[in-house]
Trainee: 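What follows is a structure written as C-alpha coordinates; I'll ask about it next.
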Amino acid sequence: MPIINFEFAIQEIPAVLKGVPITLAIAVVAMVFGLIFGLLIALCRIYRVPILNRLFIIYISFIRGTPLLVQLYVFFYGVPVLLDKMNQSFGTAYNADHISPLLYAFIAFTINVSAYQAEIMRASLNAVQIGQMEAAHSVGMTTFQALKRIVLPQAFLVALPNLGNTFIGLIKATSLAFAVKVVEVMALAKIIANDGYHFLEMYLVAALIYWLICWLLEVLFTFVEEKMRNKEIKQKKMNTTISKDLPLRV
Amino acid sequence: MILLKHIHKKFKNNHVLKGIDLEVSKGDVVTIIGPSGSGKTTLLRCVNYLEKPDEGIISINDLTIQTKKPVKKDILQLRRRTAMVFQHYNLFENKTVLENVTEGLIIAQKKSKKMAREIGVDILTKVGLADKINAYPQQLSGGQKQRVGIARALALNPDVLLFDEPTSALDPEMVGEVLEIIREIASGGVTMMIVTHEIDFACEVSNRVVFMDDGQIIEQGPPDDILIHPKQERTRKFLKRIMKEPDFTI
(Lines give C-alpha, C1' and ligand atoms only; values in the text may rest on other atoms or scores of the structure.)
Protein backbone atom coordinates (compact mmCIF):
# COMPACT_ATOMS: atom_id res chain seq x y z
CA MET A 1 0.00 0.00 0.00
CA PRO A 2 1.42 3.43 -0.97
CA ILE A 3 2.15 6.04 1.69
CA ILE A 4 -0.40 8.38 0.23
CA ASN A 5 -3.66 7.05 -1.12
CA PHE A 6 -4.05 9.49 -4.01
CA GLU A 7 -7.14 7.80 -5.28
CA PHE A 8 -8.91 8.43 -2.01
CA ALA A 9 -7.66 12.01 -1.88
CA ILE A 10 -8.85 12.85 -5.38
CA GLN A 11 -12.13 11.12 -4.83
CA GLU A 12 -12.84 13.21 -1.72
CA ILE A 13 -11.82 16.61 -3.14
CA PRO A 14 -15.40 17.59 -4.11
CA ALA A 15 -16.60 16.79 -0.60
CA VAL A 16 -14.01 19.09 0.94
CA LEU A 17 -14.72 21.80 -1.63
CA LYS A 18 -18.22 22.06 -0.16
CA GLY A 19 -16.62 23.89 2.73
CA VAL A 20 -15.22 26.64 0.51
CA PRO A 21 -18.33 28.87 0.61
CA ILE A 22 -18.29 28.83 4.42
CA THR A 23 -14.55 29.59 4.48
CA LEU A 24 -15.04 32.48 2.08
CA ALA A 25 -18.12 33.71 3.94
CA ILE A 26 -16.22 33.99 7.21
CA ALA A 27 -13.31 35.73 5.52
CA VAL A 28 -15.43 38.20 3.56
CA VAL A 29 -17.75 39.08 6.45
CA ALA A 30 -14.82 39.56 8.81
CA MET A 31 -12.93 41.58 6.20
CA VAL A 32 -15.80 43.94 5.38
CA PHE A 33 -16.99 44.57 8.93
CA GLY A 34 -13.45 44.50 10.22
CA LEU A 35 -12.56 47.23 7.76
CA ILE A 36 -15.52 49.39 8.77
CA PHE A 37 -14.81 49.03 12.49
CA GLY A 38 -11.08 49.28 11.91
CA LEU A 39 -11.54 52.56 10.08
CA LEU A 40 -13.72 53.98 12.85
CA ILE A 41 -11.18 52.88 15.46
CA ALA A 42 -8.35 54.42 13.42
CA LEU A 43 -10.21 57.73 13.19
CA CYS A 44 -10.92 57.71 16.94
CA ARG A 45 -7.23 57.16 17.54
CA ILE A 46 -5.99 59.77 15.05
CA TYR A 47 -8.37 62.43 16.35
CA ARG A 48 -7.65 61.37 19.92
CA VAL A 49 -11.31 61.08 20.84
CA PRO A 50 -11.33 61.20 24.64
CA ILE A 51 -11.91 57.86 26.42
CA LEU A 52 -12.43 55.96 23.14
CA ASN A 53 -8.80 56.50 22.16
CA ARG A 54 -7.57 54.95 25.40
CA LEU A 55 -10.10 52.16 25.19
CA PHE A 56 -9.10 51.24 21.66
CA ILE A 57 -5.40 51.24 22.51
CA ILE A 58 -6.12 48.53 25.09
CA TYR A 59 -8.49 46.74 22.70
CA ILE A 60 -5.91 46.60 19.91
CA SER A 61 -3.17 45.53 22.27
CA PHE A 62 -5.33 42.74 23.73
CA ILE A 63 -6.59 41.40 20.40
CA ARG A 64 -3.19 41.48 18.79
CA GLY A 65 -1.55 40.03 21.86
CA THR A 66 -3.74 36.92 22.21
CA PRO A 67 -4.05 33.96 19.84
CA LEU A 68 -7.10 33.89 17.61
CA LEU A 69 -7.85 30.36 18.76
CA VAL A 70 -8.04 31.51 22.36
CA GLN A 71 -10.30 34.39 21.35
CA LEU A 72 -12.61 31.98 19.55
CA TYR A 73 -12.83 29.73 22.61
CA VAL A 74 -13.40 32.62 25.00
CA PHE A 75 -16.16 33.88 22.76
CA PHE A 76 -17.70 30.48 22.12
CA TYR A 77 -17.81 29.47 25.78
CA GLY A 78 -18.20 32.96 27.20
CA VAL A 79 -21.33 34.10 25.38
CA PRO A 80 -23.57 31.22 26.58
CA VAL A 81 -22.46 31.83 30.17
CA LEU A 82 -23.22 35.54 29.78
CA LEU A 83 -26.61 34.78 28.25
CA ASP A 84 -27.47 32.44 31.11
CA LYS A 85 -26.50 35.09 33.62
CA MET A 86 -28.55 37.66 31.72
CA ASN A 87 -31.56 35.40 31.57
CA GLN A 88 -31.40 34.93 35.33
CA SER A 89 -30.97 38.62 36.06
CA PHE A 90 -33.49 40.07 33.64
CA GLY A 91 -35.88 37.19 33.25
CA THR A 92 -35.21 36.96 29.51
CA ALA A 93 -35.16 33.67 27.67
CA TYR A 94 -32.37 33.76 25.13
CA ASN A 95 -31.09 30.32 24.33
CA ALA A 96 -27.40 30.13 23.51
CA ASP A 97 -27.96 26.77 21.84
CA HIS A 98 -29.92 28.45 19.10
CA ILE A 99 -27.00 30.63 18.11
CA SER A 100 -25.37 29.24 14.99
CA PRO A 101 -21.65 28.49 15.38
CA LEU A 102 -21.18 30.47 12.19
CA LEU A 103 -22.39 33.60 13.94
CA TYR A 104 -19.77 33.12 16.65
CA ALA A 105 -17.17 32.79 13.97
CA PHE A 106 -18.39 35.90 12.12
CA ILE A 107 -18.26 38.03 15.24
CA ALA A 108 -15.02 36.64 16.66
CA PHE A 109 -13.18 36.96 13.35
CA THR A 110 -14.55 40.46 12.81
CA ILE A 111 -13.33 41.55 16.23
CA ASN A 112 -9.95 40.05 15.56
CA VAL A 113 -9.54 41.53 12.10
CA SER A 114 -10.80 44.97 13.11
CA ALA A 115 -7.85 45.39 15.47
CA TYR A 116 -5.39 44.69 12.67
CA GLN A 117 -7.29 46.82 10.15
CA ALA A 118 -7.36 49.68 12.65
CA GLU A 119 -3.58 49.76 12.72
CA ILE A 120 -3.31 49.44 8.94
CA MET A 121 -5.78 52.27 8.39
CA ARG A 122 -4.15 54.45 11.01
CA ALA A 123 -0.77 54.08 9.36
CA SER A 124 -2.27 54.70 5.91
CA LEU A 125 -4.17 57.79 7.01
CA ASN A 126 -0.98 59.11 8.58
CA ALA A 127 0.85 58.50 5.32
CA VAL A 128 -1.42 60.97 3.51
CA GLN A 129 0.25 64.36 3.67
CA ILE A 130 -1.27 66.80 6.11
CA GLY A 131 -1.43 69.36 3.32
CA GLN A 132 -4.26 67.39 1.70
CA MET A 133 -6.50 67.90 4.70
CA GLU A 134 -5.47 71.54 5.02
CA ALA A 135 -6.20 72.20 1.36
CA ALA A 136 -9.61 70.56 1.69
CA HIS A 137 -10.34 72.73 4.72
CA SER A 138 -9.10 75.79 2.87
CA VAL A 139 -11.63 75.33 0.06
CA GLY A 140 -14.38 75.14 2.64
CA MET A 141 -14.92 71.42 3.15
CA THR A 142 -15.87 70.04 6.52
CA THR A 143 -13.51 67.48 8.05
CA PHE A 144 -15.97 64.71 7.14
CA GLN A 145 -16.15 65.83 3.50
CA ALA A 146 -12.38 66.12 3.37
CA LEU A 147 -11.91 62.62 4.74
CA LYS A 148 -14.47 61.12 2.42
CA ARG A 149 -13.44 62.82 -0.80
CA ILE A 150 -9.75 63.56 -0.44
CA VAL A 151 -7.96 61.78 2.39
CA LEU A 152 -9.60 58.34 2.54
CA PRO A 153 -9.33 57.55 -1.18
CA GLN A 154 -5.61 58.23 -0.93
CA ALA A 155 -5.26 56.30 2.31
CA PHE A 156 -6.96 53.24 0.79
CA LEU A 157 -4.45 53.22 -2.02
CA VAL A 158 -1.66 53.15 0.54
CA ALA A 159 -3.44 50.47 2.56
CA LEU A 160 -4.23 48.18 -0.37
CA PRO A 161 -1.17 45.88 -0.23
CA ASN A 162 -1.58 45.47 3.52
CA LEU A 163 -5.30 44.83 3.21
CA GLY A 164 -4.55 42.16 0.63
CA ASN A 165 -2.10 40.49 3.00
CA THR A 166 -4.61 40.64 5.81
CA PHE A 167 -7.25 39.02 3.66
CA ILE A 168 -4.97 36.16 2.66
CA GLY A 169 -3.99 35.69 6.29
CA LEU A 170 -7.66 35.70 7.16
CA ILE A 171 -8.47 32.95 4.65
CA LYS A 172 -5.96 30.70 6.34
CA ALA A 173 -7.07 31.73 9.81
CA THR A 174 -10.62 30.57 9.06
CA SER A 175 -9.29 27.03 9.44
CA LEU A 176 -9.47 27.67 13.19
CA ALA A 177 -13.23 28.07 12.98
CA PHE A 178 -13.69 24.32 13.11
CA ALA A 179 -12.66 24.61 16.77
CA VAL A 180 -16.01 26.26 17.39
CA LYS A 181 -17.91 23.69 15.36
CA VAL A 182 -18.13 25.59 12.09
CA VAL A 183 -18.03 23.13 9.20
CA GLU A 184 -15.68 24.74 6.72
CA VAL A 185 -12.87 23.33 4.57
CA MET A 186 -10.68 22.23 7.46
CA ALA A 187 -13.56 20.68 9.39
CA LEU A 188 -14.74 18.72 6.36
CA ALA A 189 -11.24 17.46 5.71
CA LYS A 190 -10.98 16.29 9.27
CA ILE A 191 -14.39 14.65 9.32
CA ILE A 192 -13.69 12.73 6.13
CA ALA A 193 -10.21 11.79 7.32
CA ASN A 194 -11.64 10.34 10.51
CA ASP A 195 -13.69 7.88 8.51
CA GLY A 196 -10.86 5.86 7.10
CA TYR A 197 -7.86 7.22 8.93
CA HIS A 198 -6.68 9.13 5.82
CA PHE A 199 -5.39 12.15 7.72
CA LEU A 200 -2.40 12.92 5.54
CA GLU A 201 -4.44 12.70 2.34
CA MET A 202 -7.20 14.94 3.57
CA TYR A 203 -4.88 17.54 5.07
CA LEU A 204 -3.03 17.69 1.77
CA VAL A 205 -6.33 18.22 -0.01
CA ALA A 206 -7.16 21.02 2.45
CA ALA A 207 -3.73 22.56 1.94
CA LEU A 208 -4.18 22.56 -1.83
CA ILE A 209 -7.60 24.17 -1.57
CA TYR A 210 -6.29 26.95 0.70
CA TRP A 211 -3.36 27.47 -1.62
CA LEU A 212 -5.62 27.70 -4.65
CA ILE A 213 -7.90 30.26 -2.98
CA CYS A 214 -4.96 32.37 -1.80
CA TRP A 215 -3.27 32.18 -5.16
CA LEU A 216 -6.43 33.39 -6.91
CA LEU A 217 -6.69 36.22 -4.40
CA GLU A 218 -3.09 37.20 -4.93
CA VAL A 219 -3.72 37.46 -8.65
CA LEU A 220 -6.84 39.51 -8.00
CA PHE A 221 -5.11 41.90 -5.61
CA THR A 222 -2.16 42.39 -7.91
CA PHE A 223 -4.56 43.23 -10.70
CA VAL A 224 -6.56 45.72 -8.64
CA GLU A 225 -3.43 47.32 -7.24
CA GLU A 226 -1.86 47.72 -10.62
CA LYS A 227 -5.01 49.21 -12.02
CA MET A 228 -5.24 51.73 -9.20
CA ARG A 229 -1.58 52.58 -9.27
CA ASN A 230 -1.36 52.85 -12.99
CA LYS A 231 -1.61 56.59 -13.04
CA GLU A 232 0.82 56.96 -10.21
CA ILE A 233 3.57 54.84 -11.71
CA LYS A 234 3.46 56.81 -14.92
CA GLN A 235 3.54 60.04 -13.02
CA LYS A 236 6.21 59.19 -10.46
CA LYS A 237 8.97 59.79 -12.97
CA MET A 238 7.81 63.30 -13.64
CA ASN A 239 7.34 64.15 -10.00
CA THR A 240 10.28 66.32 -9.11
CA THR A 241 8.89 68.41 -6.30
CA ILE A 242 9.65 68.11 -2.64
CA SER A 243 6.59 67.28 -0.63
CA LYS A 244 6.08 67.67 3.06
CA ASP A 245 5.60 64.25 4.53
CA LEU A 246 3.97 65.15 7.79
CA PRO A 247 1.34 62.98 9.42
CA LEU A 248 -2.30 63.92 9.37
CA ARG A 249 -3.55 65.74 12.41
CA VAL A 250 -6.59 67.74 13.43
CA MET B 1 -13.21 94.45 5.99
CA ILE B 2 -10.68 92.02 7.44
CA LEU B 3 -9.79 92.81 10.98
CA LEU B 4 -7.32 90.96 13.15
CA LYS B 5 -7.23 92.05 16.74
CA HIS B 6 -4.69 91.09 19.31
CA ILE B 7 -3.87 87.68 17.79
CA HIS B 8 -1.69 85.48 19.97
CA LYS B 9 -0.37 82.06 19.09
CA LYS B 10 1.89 79.76 21.04
CA PHE B 11 3.37 76.43 20.00
CA LYS B 12 4.13 74.91 23.39
CA ASN B 13 6.63 77.38 24.83
CA ASN B 14 7.29 79.15 21.56
CA HIS B 15 5.34 82.41 21.48
CA VAL B 16 4.99 82.81 17.70
CA LEU B 17 2.47 85.65 17.49
CA LYS B 18 2.58 88.27 20.19
CA GLY B 19 -0.54 90.33 19.73
CA ILE B 20 -1.04 91.13 16.07
CA ASP B 21 -3.40 93.90 14.99
CA LEU B 22 -4.01 94.21 11.28
CA GLU B 23 -6.65 95.71 9.09
CA VAL B 24 -7.10 94.90 5.41
CA SER B 25 -9.57 96.84 3.31
CA LYS B 26 -11.41 95.60 0.27
CA GLY B 27 -9.13 95.58 -2.77
CA ASP B 28 -5.97 95.83 -0.70
CA VAL B 29 -2.95 93.81 -1.65
CA VAL B 30 -0.99 93.37 1.53
CA THR B 31 2.42 91.77 1.49
CA ILE B 32 3.86 90.40 4.69
CA ILE B 33 7.64 90.20 4.85
CA GLY B 34 10.11 89.38 7.58
CA PRO B 35 12.87 86.99 8.60
CA SER B 36 12.11 83.28 8.85
CA GLY B 37 10.54 82.42 12.16
CA SER B 38 8.98 85.85 12.46
CA GLY B 39 5.48 84.37 12.41
CA LYS B 40 4.29 85.62 9.05
CA THR B 41 3.12 82.24 7.76
CA THR B 42 1.47 81.45 11.08
CA LEU B 43 -0.38 84.76 10.92
CA LEU B 44 -1.64 83.98 7.44
CA ARG B 45 -2.73 80.51 8.52
CA CYS B 46 -4.63 82.02 11.43
CA VAL B 47 -6.73 84.06 9.01
CA ASN B 48 -8.42 80.90 7.69
CA TYR B 49 -8.02 78.99 10.93
CA LEU B 50 -5.63 76.34 9.66
CA GLU B 51 -3.82 77.48 12.76
CA LYS B 52 -5.98 78.08 15.78
CA PRO B 53 -5.03 81.33 17.50
CA ASP B 54 -4.90 81.22 21.30
CA GLU B 55 -6.27 84.71 21.73
CA GLY B 56 -7.74 87.50 19.69
CA ILE B 57 -10.53 88.34 17.30
CA ILE B 58 -10.75 87.60 13.59
CA SER B 59 -13.44 89.25 11.55
CA ILE B 60 -14.26 89.30 7.88
CA ASN B 61 -17.09 91.67 7.01
CA ASP B 62 -19.99 90.70 9.29
CA LEU B 63 -18.42 87.44 10.48
CA THR B 64 -16.55 87.70 13.76
CA ILE B 65 -14.76 84.91 15.57
CA GLN B 66 -13.74 85.22 19.19
CA THR B 67 -10.85 82.80 19.17
CA LYS B 68 -11.27 82.02 22.86
CA LYS B 69 -14.59 80.36 22.17
CA PRO B 70 -14.87 79.71 18.44
CA VAL B 71 -18.06 78.28 16.98
CA LYS B 72 -17.51 75.41 14.55
CA LYS B 73 -19.99 76.82 12.07
CA ASP B 74 -18.21 80.17 12.08
CA ILE B 75 -14.86 78.55 11.36
CA LEU B 76 -16.38 76.80 8.35
CA GLN B 77 -17.86 80.13 7.23
CA LEU B 78 -14.49 81.80 7.66
CA ARG B 79 -12.88 79.15 5.51
CA ARG B 80 -15.56 79.54 2.88
CA ARG B 81 -14.89 83.27 2.64
CA THR B 82 -11.15 82.82 2.28
CA ALA B 83 -8.98 80.76 -0.01
CA MET B 84 -5.35 79.84 0.25
CA VAL B 85 -2.49 79.16 -2.10
CA PHE B 86 0.06 76.92 -0.39
CA GLN B 87 3.81 76.93 -0.57
CA HIS B 88 3.80 73.21 -1.40
CA TYR B 89 0.72 73.51 -3.64
CA ASN B 90 -1.22 70.82 -1.74
CA LEU B 91 -3.23 69.88 -4.79
CA PHE B 92 -5.64 67.00 -4.25
CA GLU B 93 -3.52 64.13 -5.51
CA ASN B 94 -6.48 61.87 -6.26
CA LYS B 95 -8.26 64.46 -8.40
CA THR B 96 -7.63 65.79 -11.87
CA VAL B 97 -6.65 69.40 -12.44
CA LEU B 98 -10.24 70.36 -13.25
CA GLU B 99 -11.60 68.44 -10.26
CA ASN B 100 -9.10 70.22 -8.04
CA VAL B 101 -10.71 73.49 -9.04
CA THR B 102 -14.35 72.35 -9.01
CA GLU B 103 -14.18 70.33 -5.78
CA GLY B 104 -14.69 73.32 -3.49
CA LEU B 105 -17.34 74.82 -5.76
CA ILE B 106 -19.42 71.65 -5.79
CA ILE B 107 -18.91 70.39 -2.25
CA ALA B 108 -18.58 73.59 -0.22
CA GLN B 109 -20.45 76.11 -2.34
CA LYS B 110 -23.07 73.65 -3.61
CA LYS B 111 -22.81 74.82 -7.18
CA SER B 112 -24.10 72.53 -9.92
CA LYS B 113 -21.53 70.31 -11.60
CA LYS B 114 -22.15 72.02 -14.90
CA MET B 115 -21.66 75.50 -13.50
CA ALA B 116 -18.58 74.43 -11.54
CA ARG B 117 -17.12 72.95 -14.68
CA GLU B 118 -17.70 76.17 -16.61
CA ILE B 119 -16.01 78.23 -13.89
CA GLY B 120 -13.17 75.72 -13.67
CA VAL B 121 -12.45 75.60 -17.39
CA ASP B 122 -12.67 79.37 -17.59
CA ILE B 123 -10.19 79.96 -14.79
CA LEU B 124 -7.81 77.22 -15.89
CA THR B 125 -7.77 78.81 -19.32
CA LYS B 126 -6.88 82.12 -17.72
CA VAL B 127 -3.88 80.58 -15.97
CA GLY B 128 -2.83 78.91 -19.21
CA LEU B 129 -3.66 75.32 -18.36
CA ALA B 130 -6.62 74.67 -20.65
CA ASP B 131 -4.80 71.70 -22.15
CA LYS B 132 -4.12 70.11 -18.75
CA ILE B 133 -7.59 69.93 -17.24
CA ASN B 134 -7.67 66.13 -17.28
CA ALA B 135 -4.12 65.64 -16.04
CA TYR B 136 -3.34 64.55 -12.49
CA PRO B 137 -1.18 66.75 -10.25
CA GLN B 138 1.79 64.38 -10.43
CA GLN B 139 1.97 64.94 -14.15
CA LEU B 140 2.57 68.68 -13.78
CA SER B 141 5.68 70.76 -13.25
CA GLY B 142 5.99 72.84 -10.09
CA GLY B 143 4.99 76.02 -11.87
CA GLN B 144 1.95 74.34 -13.39
CA LYS B 145 0.97 72.90 -10.03
CA GLN B 146 1.10 76.29 -8.42
CA ARG B 147 -0.98 77.76 -11.22
CA VAL B 148 -3.60 75.10 -10.49
CA GLY B 149 -3.32 76.02 -6.81
CA ILE B 150 -4.02 79.63 -7.69
CA ALA B 151 -6.90 78.66 -9.98
CA ARG B 152 -8.41 76.51 -7.24
CA ALA B 153 -8.31 79.40 -4.78
CA LEU B 154 -9.47 82.02 -7.26
CA ALA B 155 -12.43 79.92 -8.47
CA LEU B 156 -13.94 80.10 -5.00
CA ASN B 157 -14.30 83.87 -5.44
CA PRO B 158 -13.20 84.49 -1.84
CA ASP B 159 -13.36 87.72 0.12
CA VAL B 160 -9.63 87.43 0.54
CA LEU B 161 -7.02 85.36 -1.22
CA LEU B 162 -4.16 84.16 0.98
CA PHE B 163 -0.77 83.35 -0.52
CA ASP B 164 1.68 81.44 1.65
CA GLU B 165 5.10 81.84 0.01
CA PRO B 166 3.68 80.82 -3.36
CA THR B 167 7.03 80.73 -5.14
CA SER B 168 9.37 79.42 -2.44
CA ALA B 169 9.19 75.77 -3.51
CA LEU B 170 9.54 76.50 -7.20
CA ASP B 171 12.55 76.06 -9.42
CA PRO B 172 13.90 79.52 -10.26
CA GLU B 173 12.84 79.40 -13.90
CA MET B 174 9.24 78.80 -12.86
CA VAL B 175 8.94 81.69 -10.42
CA GLY B 176 8.21 84.15 -13.20
CA GLU B 177 5.13 82.43 -14.60
CA VAL B 178 3.53 82.21 -11.16
CA LEU B 179 4.31 85.81 -10.18
CA GLU B 180 2.89 86.93 -13.51
CA ILE B 181 -0.46 85.36 -12.67
CA ILE B 182 -0.53 86.79 -9.17
CA ARG B 183 0.24 90.19 -10.67
CA GLU B 184 -2.71 89.86 -13.01
CA ILE B 185 -5.07 88.87 -10.21
CA ALA B 186 -3.88 91.78 -8.11
CA SER B 187 -4.61 94.22 -10.88
CA GLY B 188 -8.14 92.79 -11.04
CA GLY B 189 -8.99 94.21 -7.63
CA VAL B 190 -8.99 90.99 -5.60
CA THR B 191 -8.17 91.45 -1.93
CA MET B 192 -4.98 89.57 -1.16
CA MET B 193 -2.58 88.84 1.64
CA ILE B 194 0.77 87.54 0.46
CA VAL B 195 3.62 86.13 2.49
CA THR B 196 6.70 86.25 0.30
CA HIS B 197 10.45 86.60 0.10
CA GLU B 198 10.27 88.26 -3.30
CA ILE B 199 10.86 91.83 -2.17
CA ASP B 200 10.85 93.37 -5.63
CA PHE B 201 7.61 91.64 -6.39
CA ALA B 202 6.11 92.85 -3.10
CA CYS B 203 7.11 96.39 -3.94
CA GLU B 204 5.50 96.25 -7.33
CA VAL B 205 2.29 94.37 -6.68
CA SER B 206 1.13 95.48 -3.25
CA ASN B 207 -0.26 98.73 -1.95
CA ARG B 208 0.84 97.93 1.58
CA VAL B 209 3.82 96.11 3.04
CA VAL B 210 3.83 94.72 6.56
CA PHE B 211 7.17 93.95 8.15
CA MET B 212 7.10 91.38 10.92
CA ASP B 213 9.79 90.26 13.29
CA ASP B 214 9.67 88.08 16.37
CA GLY B 215 5.89 87.68 16.33
CA GLN B 216 5.12 91.37 16.06
CA ILE B 217 4.35 93.85 13.33
CA ILE B 218 7.29 96.24 13.36
CA GLU B 219 6.00 98.63 10.76
CA GLN B 220 3.64 98.85 7.84
CA GLY B 221 2.84 101.23 5.06
CA PRO B 222 3.10 101.80 1.30
CA PRO B 223 5.87 99.73 -0.33
CA ASP B 224 8.08 102.73 -0.99
CA ASP B 225 8.01 103.83 2.65
CA ILE B 226 8.77 100.40 4.06
CA LEU B 227 11.14 99.00 1.48
CA ILE B 228 13.04 102.13 0.48
CA HIS B 229 12.74 104.43 3.48
CA PRO B 230 12.12 102.17 6.49
CA LYS B 231 11.81 103.98 9.81
CA GLN B 232 12.63 101.11 12.13
CA GLU B 233 16.13 99.83 12.69
CA ARG B 234 15.03 96.18 12.49
CA THR B 235 13.39 96.70 9.10
CA ARG B 236 16.53 98.40 7.82
CA LYS B 237 18.72 95.55 9.03
CA PHE B 238 16.45 92.94 7.44
CA LEU B 239 16.32 94.73 4.10
CA LYS B 240 20.04 95.30 4.12
CA ARG B 241 20.63 91.63 4.75
CA ILE B 242 18.43 90.38 1.92
CA MET B 243 19.15 93.16 -0.56
CA LYS B 244 22.89 92.82 -0.12
CA GLU B 245 24.65 92.38 -3.41
CA PRO B 246 26.50 89.09 -3.57
CA ASP B 247 30.23 89.70 -3.32
CA PHE B 248 31.02 86.91 -5.68
CA THR B 249 29.93 86.04 -9.16
CA ILE B 250 29.38 82.65 -10.58
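Convention: sequence-line order gives letters A, B, ...; per-chain numbering from 1.
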Trainee: Can you establish whether the number of heavy atoms outside A/Leu216 located under 6.0 Å from its atom CG is more than 12?
Mentor: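 Enclosed.
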Trainee: Can you tell me how far the NZ atom of B/Lys73 sits from the OG1 atom of A/Thr142, to the nearest 0.5 Å?
Mentor: 14.5 Å
Trainee: Counting only heavy atoms not in B/Phe11 (residues, nucleotides, ligands), do more than 12 fall under 6.0 Å from its CZ?
Mentor: yes
Trainee: Specify which of B/Leu78, B/Leu91, B/Asn48, B/Thr82 makes the most heavy-atom pairs with chain A at under 4.5 Å.
Mentor: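 Of the options given, most contacts go to B/Leu91.
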Trainee: State, to 0.1 Å, how close B/Phe92 and A/Ala136 come at their nearest heavy-atom pair, and which atoms those are.
Mentor: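 Heavy-atom minimum between the residues: CE2-N, 3.5 Å.
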Trainee: For B/Phe86, which atoms come within 4.5 Å of any heavy atom of chain A: side chain, backbone, both, or neither?
Mentor: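 Answer is side chain: those atoms of B/Phe86 sit under 4.5 Å from chain A.
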Trainee: Surrounding CZ of A/Phe33 (heavy atoms of other residues, nucleotides or ligands, distance under 6.0 Å), is the total greater than 12?
Mentor: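 Atom CZ in A/Phe33 is not crowded, with 12 or fewer foreign heavy atoms closer than 6.0 Å.
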Trainee: Report yes or no: does B/Asn94 contribute a side-chain atom to a donor-acceptor pair with the main-chain N or O of A/Arg149 at less than 3.5 Å?
Mentor: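 It does hold such a pair.
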Trainee: Please evaluate residues A/Ile150 and B/Glu93 with respect to the criterion side-chain contact (heavy atoms from CB on, under 4.5 Å), reporting the C-alpha separation (whole Å), side-chain torsions for both, the decisive distance (0.1 Å), and the verdict.
Mentor: CA-CA 8 Å; A/Ile150 306 298; B/Glu93 302 285 334; over 6 Å; no
Trainee: For atom CZ of A/Arg54, decide whether the heavy atoms of other residues, nucleotides or ligands shown that lie under 6.0 angstrom number more than 12.
Mentor: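 Result for CZ/A/Arg54: open.
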Trainee: Does atom NZ of B/Lys5 have more than 12 heavy-atom neighbours, drawn from other residues, nucleotides or ligands, at distances under 6.0 Å?
Mentor: no
Trainee: Is there a side-chain contact between A/Glu134 and B/Arg45 in this structure, where contact means two heavy atoms from C-beta onward sitting under 4.5 Å apart?
Mentor: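 Touching, per the 4.5 Å side-chain cut-off.
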Trainee: With a 4.5 angstrom heavy-atom cut-off, is it the side chain or the backbone of B/Lys52 that approaches chain A, or both, or neither?
Mentor: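 Neither; nothing under 4.5 Å.
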Trainee: Please indicate whether A/Tyr94 has more than 12 foreign heavy atoms, meaning atoms of other residues, nucleotides or ligands, lying under 6.0 Å from its OH.
Mentor: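 Check fails, neighbour count at 12 or below.
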Trainee: For chain A, which residues from residues 99-117 of chain B lie under 4.5 Å away (heavy-atom distances)?
Mentor: B/Glu103, B/Gly104, B/Ile107, B/Ala108, B/Lys110
Trainee: Hey, which residues of residues 150-165 of chain B are touching chain A, say heavy atoms under 4.5 Å apart?
Mentor: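 Heavy-atom contacts from residues 150-165 of chain B to chain A are B/Arg152, B/Leu156.
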Trainee: Quick one: does any side-chain atom of B/Arg80 pair with a main-chain N or O of A/Gly140 as donor and acceptor, under 3.5 Å?
Mentor: yes
Trainee: Nearest 0.5 angstrom please: A/His137 NE2 to B/Leu76 CG, how far?
Mentor: 8.5 Å
Trainee: What part of A/Gln145 gets within 4.5 angstrom of chain B, counting heavy atoms only: side chain, backbone, both, or neither?
Mentor: side chain
